[in-house]
Amino acid sequence: MNATAQWRGSDLARQIVVLSAVSFMLIAAVIGAGAFGNSAVQDQQGGALNTDGSYLAPAGPAFSIWSVIYLGLIVYSIWQALPRQRTNPRQRALGWLIALTMTLNGLWLVAARFGTLFLTVIVIVLLLAALGWTFRVAVATREPRGGVLDSVLIDGVTGLHLGWVTLATVANTAAWLTTILPPSWEQGADAIGIAVLIVVALIGLAIAWRSSWRVTPAIALAWGLSWLAVERFTGEPHSGPIGATALVVAAVVLLPPVIVRVLRLIRPSVD
């Protein structure tokens, strides 16, 4: 299929743009990690983005998932640049979109370093929307025998990115709201946090349902929710009710796609 597809100038441009986008994202990530003497992301914006910045911030180890996502995006960028991928119809459909998600990823780090907390919320919402659209296209263009690399580097990595950014958007928005709302609102923090997590559960289930029960978004979302629970049980601000709800939501989000996946392995005819 790839060998007979007609080459066009935009194919090479797409490959170059993807490589440029991942380079920009990695440079922003290195700076965001605190290299070159600047403060790390969690210490920027007056510490609002730290694990104690809001009741919906996950514990520090949760952010290690970025290493997996970044590695996947790096390998994808190299793989898509191969000559045999140049005219691949799926690359044509997804390359520009994945480049957009990587660019927005890097722009969020720039906003955190040089902009305002509200600007980080705007950028991460745009990133979430871009990832949602990208994952939708990935599901729609997936071929049954597309290959392991195709499945892992496109569906898998995009799914992890989407799942994690879904929770990161909630945490980022909560951090911003914490800085602008009156202190008296903290009295209702448990109720508000539980309500937000219920919405997260609905969003997670909607993503799974709309993607034919793909499991990777749920894995990333459940990972973040579990570490959110750890932080609420052991860190500050402390909240047992939010921590317990986060664990329940993690199970609610993760179990359905996992069960469907197992059933499909046992009985391939299961929808």
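Numbering of residues begins at 1 and proceeds along the displayed sequence. Source: prediction; values computed, not measured.
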S.K.: Rounded to the nearest 0.5 Å, what's the gap from OG1 on T101 to CG on L131? Could you check?
M.R.: 5.0 Å
S.K.: Examine the side chains of D11 and T87 and answer whether a donor and an acceptor come within less than 3.5 Å of each other.
M.R.: no
S.K.: Report yes if some heavy atom in the side chain of F233 is under 4.5 Å from a heavy atom in the side chain of L247; otherwise report no.
M.R.: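 Result yes, sub-4.5 Å side-chain heavy-atom pair found.
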S.K.: Would you check, one step at a time, whether the test side chain to side chain contact (heavy atoms under 4.5 Å, CB included) holds for W176 with T120?
M.R.: CA-CA 9 Å; W176 169 61; T120 66; over 6 Å; no
S.K.: Measuring from atom CD1 of I198 to atom OG1 of T245, what distance do you get when rounded to the nearest 0.5 angstrom?
M.R.: 7.0 Å
S.K.: Ignoring hydrogens and geometry, is there a side-chain-to-backbone donor-acceptor pair from T173 to V170 under 3.5 Å?
M.R.: no
S.K.: May I have the step-by-step check of side-chain hydrogen bond (donor to acceptor under 3.5 Å, both in side chains) for D150 and W79, ending in yes or no?
M.R.: CA-CA 9 Å; D150 184 277; W79 173 65; over 6 Å; no
S.K.: Keeping the roles fixed (side chain from T158, backbone from D155), state whether a donor-acceptor pair exists under 3.5 Å.
M.R.: no
S.K.: Decide yes or no on side chain to side chain contact (heavy atoms under 4.5 Å, CB included) for S212 and R264, but give the supporting numbers first.
M.R.: CA-CA 11 Å; S212 298; R264 284 174 175 170; 4.2 Å; yes
S.K.: Once rounded to the nearest 0.5 Å, what's the spacing between atom CE of M25 and atom CG of L109?
M.R.: 9.0 Å
S.K.: Enumerate the residue pairs fulfilling ring pair (Phe, Tyr, Trp, His ring centres under 6.0 Å) with a member in residues 131-161, sequence neighbours excluded, ordered by first and then second residue.
M.R.: W66-H161
S.K.: Do V110 and I31 have side chains that get closer than 4.5 Å, going by heavy atoms?
M.R.: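 Result no, sub-4.5 Å side-chain heavy-atom pair not found.
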S.K.: Looking only at atom types and distance, does a side-chain atom of Q80 sit under 3.5 Å from a main-chain N or O of S77, one as donor and one as acceptor?
M.R.: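 Confirmed, Q80 side chain pairs with S77 backbone.
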S.K.: Mind checking side-chain contact (heavy atoms from CB on, under 4.5 Å) for L12 and listing every partner two or more places apart, or none if nothing turns up?
M.R.: W7, Q15, I16, R86
S.K.: So with a 6.0 Å cut-off around CZ of R136, is the heavy-atom count from everything else above 12?
M.R.: no
S.K.: Please answer whether the main-chain N or O of A28 pairs with a side-chain N or O of R113 as donor and acceptor at a distance below 3.5 Å.
M.R.: no
S.K.: Scan side-chain atoms only and decide if Q91 and Q85 contain a donor-acceptor pair under the 3.5 Å cut-off.
M.R.: yes
S.K.: Any side-chain heavy atom of L197 sitting closer than 4.5 Å to one from L56?
M.R.: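 Yes; the side chains approach each other to less than 4.5 Å.
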S.K.: Using a strict threshold of under 4.0 Å (side-chain N to carboxylate O), is an ion pair present between D190 and R232?
M.R.: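 D190 and R232: not salt-bridged.
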S.K.: So that I know where these two stand, are W223 and F63 an aromatic pair - ring centroids less than 6.0 Å apart?
M.R.: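 Judged by ring-centre distance (under 6.0 Å), W223 and F63 do not meet the cut-off.
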S.K.: Kindly say whether S211 contributes a backbone atom to a donor-acceptor pair with the side chain of R214 at under 3.5 angstrom?
M.R.: yes
S.K.: Just so I know, are the side chains of I203 and L221 near enough to count as touching, which here means a heavy-atom distance under 4.5 Å?
M.R.: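 No - every pair of side-chain heavy atoms lies 4.5 Å or more apart.
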S.K.: Just do the side chain to side chain contact (heavy atoms under 4.5 Å, CB included) check on Y55 and T178 with the steps written out, would you?
M.R.: CA-CA 9 Å; Y55 281 86; T178 300; over 6 Å; no
S.K.: Distance check, rounded to the nearest 0.5 Å: I192 atom CD1 versus Q187 atom CD?
M.R.: 10.5 Å
S.K.: Apply the test side chain to side chain contact (heavy atoms under 4.5 Å, CB included) to residues L73 and I98: give CA-CA distance (whole Å), side-chain angles for both, the deciding distance (0.1 Å), then the verdict.
M.R.: CA-CA 9 Å; L73 289 172; I98 294 175; 4.2 Å; yes
S.K.: Can you tell me if N50 uses its side chain to pair, donor with acceptor, with the backbone of D52 under 3.5 Å?
M.R.: no
S.K.: Only one of L126, I124, L127, V123 clears side-chain contact (heavy atoms from CB on, under 4.5 Å) with L107; which?
M.R.: V123
S.K.: Check for a donor-acceptor pair, side chain of S10 on one end and backbone N or O of A13 on the other, with a separation under 3.5 Å.
M.R.: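 Such a contact is absent between S10 side chain and A13 backbone.
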S.K.: Mind checking whether W164 and I65 have side chains closer than 4.5 Å, heavy atoms only?
M.R.: yes
